[in-house]
Amino acid sequence: MRTKRPERREGAVCRGRPRVGISYSDYVRPLLLDRPDLFDYVEIPFEMLRANPHVVPIENCPQVLLHSASLSMAGDVPPDEATWSAVGDWIDRTSTPWLSEHLAFFTAHRTPGDGSAHSAVPIYDIGYAISAPMNEESLDVVVAAVDACSQRFGIPILLENSPLYFTPPGSTMTQFEYIRRLCERSPARLLLDVTHLVITAQNLGRDPIEALHELPLDRILEVHVAGISDFEGTQWDDHTVRAPEVVMDVLRVLARGSGLEAVTLEYNWSVTFPRPLLLAELARVKEALAA
Amino acid sequence: MSTGTVNTLIARCMVDPEFLALLSSDRDAALRGYDLDDRTRSDFAALDIRRVIGLAAVITKVQNNGLWQWIPNTRALTVRYGLEQEIFAAFHREHQALRAGPRTRDEQTRRFFDFLGHALAEWIPEETPGLRDVFQHERLLWELRTSLAAGVASALRVGFFSSSPHETIAAIREERFIPANVRSAPQWLVYHADVNVQTVRTLEVDEVTGRVLALAGGTRSIAAIARECGIDRRRVKRLIDAAVDEGLITSPVRRRH
């Protein structure tokens with residue numbers, strides 16, 4: 001595999017027009033071979049590369065953005081040294097301009113003697129990002145985690161907002177206020193998952209565009225775009241369907257008034273996502289960015 | 001109040017279905033022993049547990065994303081009938097048990113298919129036209145493709161359908177699927193995998209042929225098949241011979257001399 005040397009500078013996939021990339025899934029491999037100019041970059045999960053370094057044809061990717069779901073930034077179970085080291089290794093090997101992680105936790109201390117299936121393991125490993133309670137105590141945890149990452153990796157750290165289906169117990173502020181406070185207290189930049197923003201706003205009865213304006217837009221470097229499904233009146237994240245128009249509305253606002261540099265199509269839950277649909281989504285995104 | 005304790009409780013809901021059920025039925029009992037301040041305890045009391053269950057279902061679904069490549073039209077129908085989240089909420093327990101131990105991708109797929117087959121038989125409403133037939137069709141194709149991948153030379157499956165899975169799938173693909181348009185069309189389909197050409201072919205057969213081939217797995221005699229199907233032995237033999245000539249089966253039955 002080709003190894004690119006990283007350029008350790010603030011920034012950026014580009015200045016000016018945001019570039020458009022795709023989140024890696026099995027269907028992306030033939031796409032990279034057939035249509036190498038279609039996307040400006042490929043966002044790859046660190047965990048995929050760690051599990052099998054050859055699973056993604058990095059040499060065919062125009063540029064790689066590394067996306068992690070292993071550092072449990074808002075949790076109190078830190079990753080082990082092997083994980084830290086592997087993330088650092090893949091930052092070097094991919095020359096990613098930044099590392100994105102979730103503003104969430106993946107692991108938590110196990111309740112001793114709970115008698116459940118994995119009871120010999122001292123932690124619960126959800127295997128999925130969930131928002132921690134949004135309060136000063138968890139902000140302290142996240143700020144410390146961002147500092148640790150920044151010192152260790154020397155590239156910008158982007159945090160991705162989680163979709164909220166319920167407000168985590170113990171929260172003392174909204175997610176929008178929480179993100180604003182985080183940016184006041186740390187140099188973290190944002191990966192705004194526009195779909196998550198819309199889900200959170202709508203599940204809380206808020207207008208997504210109004211909610212967007214409560215965020216520090218100048219901190220947003222990258223956005224994710226995916227679909228939403230409705231079940232019994234609740235909006236749920238769904239990377240197998242097209243984004244609703246409100247996601248494009250948010251994107252249009254961001255294209256006009258933020259430091260946005262990268263837009264990632266995140267249709268990665270279906271290994272057979274139809275190519276015509278993907279091309280249609282790409283066209284929609286480009287149109288929204290040009291508006 | 002410890003944020004870590006809240007994380008522990010939410011994480012436990014996601015990986016321990018028994019605990020999620022307890023939190024749903026008796027919140028005080030579930031939270032007993034956890035160090036929570038009054039406000040946080042009260043937040044838990046006010047929590048919309050359906051959304052917590054929904055999150056567990058979504059996580060279960062996402063962690064089984066690889067399944068859909070085998071049953072894409074079954075998925076389209078579960079979405080169409082608003083069943084997807086309910087199915088994965090019900091699969092949560094088994095999924096977590098699977099996560100607890102080593103398993104291959106094929107085992108995981110088979111366990112989900114067994115679960116879904118059981119759910120279709122037991123609790124998924126009958127008013128879901130096409131769903132059972134499309135699932136049976138896609139499952140049989142998966143079984144035979146798995147056989148091919150494992151190098152099995154020739155494999156045969158037979159299914160009875162009350163509607164045409166091919167018609168339903170065509171309607172889904174052409175985005176013209178309407179449940180009321182699924183018409184009753186009882187039919188027997190034979191699925192044959194041939195390792196030499198690495199394909200699975202599907203043939204429609206009459207009821208007698210379907211019943212005979214369904215029993216011709218090499219463990220029954222012609223006489224036994226004739227008895228079970230209630231037809232003449234010579235007719236069974238003719239059907240078996242025709243299937244052998246077609247290359248569908250090689251040594252189909254125990255021959256009694």
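A note on names: the letters A, B, ... follow the listed sequences, proteins ahead of strands, and every chain is numbered from 1. Just so we're clear, the structure is a prediction, and the values are computed from it rather than from any experiment.
Both the backbone and the side chain of A:Asn203 come within contact range of chain B, with heavy atoms under 4.5 Å apart. If you measure heavy-atom distances from A:Tyr165 to chain B, the contacts under 4.5 Å come from both the backbone and the side chain. In this structure, chain B has a heavy atom under 4.5 Å from the side chain of A:Thr272, while its backbone stays farther away. For a residue to count as touching a neighbouring chain, one of its non-hydrogen atoms must lie under 4.5 Å from one of that chain's; by this rule A:Thr167 touches chain B with the backbone only. Looking at A:Trp269, both its backbone and its side chain come within 4.5 Å of chain B, counting heavy atoms on both sides. Both the backbone and the side chain of B:Arg51 come within contact range of chain A, each with at least one heavy atom under 4.5 Å from a heavy atom of that chain. For chain A, the nearby part of B:Leu47 is the side chain; its heavy atoms alone come within less than 4.5 Å. With a threshold of 4.5 angstrom between heavy atoms, B:Asp48 does not approach chain A through any atom at all. Interface residue A:Ile126: backbone and side-chain heavy atoms are both found under 4.5 Å from chain B.
A pairwise comparison of heavy atoms in B:Asn7 and A:Pro133 identifies OD1-CD, 3.3 Å as the closest pair. Closest heavy-atom contact between B:Thr3 and A:Ser138: CG2-CB, 3.7 Å. Closest non-hydrogen pair, B:Ile10 versus A:Pro169, comes out as CD1-CD, 4.4 Å.
Contacts with chain A were tallied for B:Ala11, B:Ser42, B:Ala46; B:Ala11 has the most, counting heavy-atom pairs under 4.5 Å. Among A:Asp76, A:Ile130, A:Thr111, A:Val271, the residue making the largest number of heavy-atom pairs under 4.5 Å with chain B is A:Thr111. Listed options A:Ser229, A:Ser270, A:Pro168, A:Ser171 were ranked by heavy-atom pairs under 4.5 angstrom with chain B; first place goes to A:Ser171.
The local environment of CZ in A:Arg206 is crowded, with over 12 non-hydrogen atoms from other residues, nucleotides or ligands closer than 6.0 Å. Within 6.0 Å of CZ on A:Arg185 lie more than 12 heavy atoms contributed by other residues, nucleotides or ligands. The environment of A:Glu245 atom CD is dense: over 12 non-hydrogen atoms of other residues, nucleotides or ligands sit within 6.0 angstrom. Crowding of B:Asp38 atom CG: a count of heavy atoms from other residues, nucleotides or ligands under 6.0 Å not exceeding 12.
Among residues 105-124 of chain B, no residue has any heavy atom closer than 4.5 Å to a heavy atom of chain A. Contacts from residues 18-29 of chain B to chain A, taken as heavy-atom pairs separated by less than 4.5 Å, involve no residues at all.
Here A:Tyr124 contributes atom OH and B:Leu9 contributes atom CG; the two are 8.5 Å apart, rounded to the nearest 0.5 Å. Atom-to-atom distance recorded for B:Asp43:CG and A:Phe166:CZ is 11.5 Å, nearest 0.5 angstrom. Taking CD from B:Gln69 and OH from A:Tyr27, the interatomic distance works out to 14.0 Å, rounded to the nearest 0.5 Å. Here OG1 of B:Thr8 is found 8.0 Å from CZ of A:Phe105. Values are rounded to the nearest 0.5 Å.
Annotation: salt bridge (charged side-chain N to carboxylate O under 4.0 Å, His left out) contacts of B:Glu127 (sequence neighbours excluded): none.
Here the side chains of A:His239 and B:Val62 are not in contact, with every heavy-atom distance at 4.5 Å or above.
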Solution key, residues 71-85 of chain B side-chain donor-acceptor pairs under 3.5 Å, sequence neighbours excluded:
from	atom 1	to	atom 2	distance (Å)
B:Asn73	ND2	B:Glu138	OE2	2.8
B:Thr74	OG1	B:Glu138	OE1	2.7
B:Arg75	NE	B:Glu84	OE2	2.7
B:Arg75	NH1	A:Thr240	OG1	3.2
B:Arg75	NH2	A:Thr240	OG1	3.1
B:Arg75	NH2	B:Glu84	OE2	3.0
B:Thr78	OG1	B:Arg75	O	2.8
B:Tyr81	OH	B:Pro129	O	2.6
B:Glu84	OE1	B:Lys61	NZ	3.3

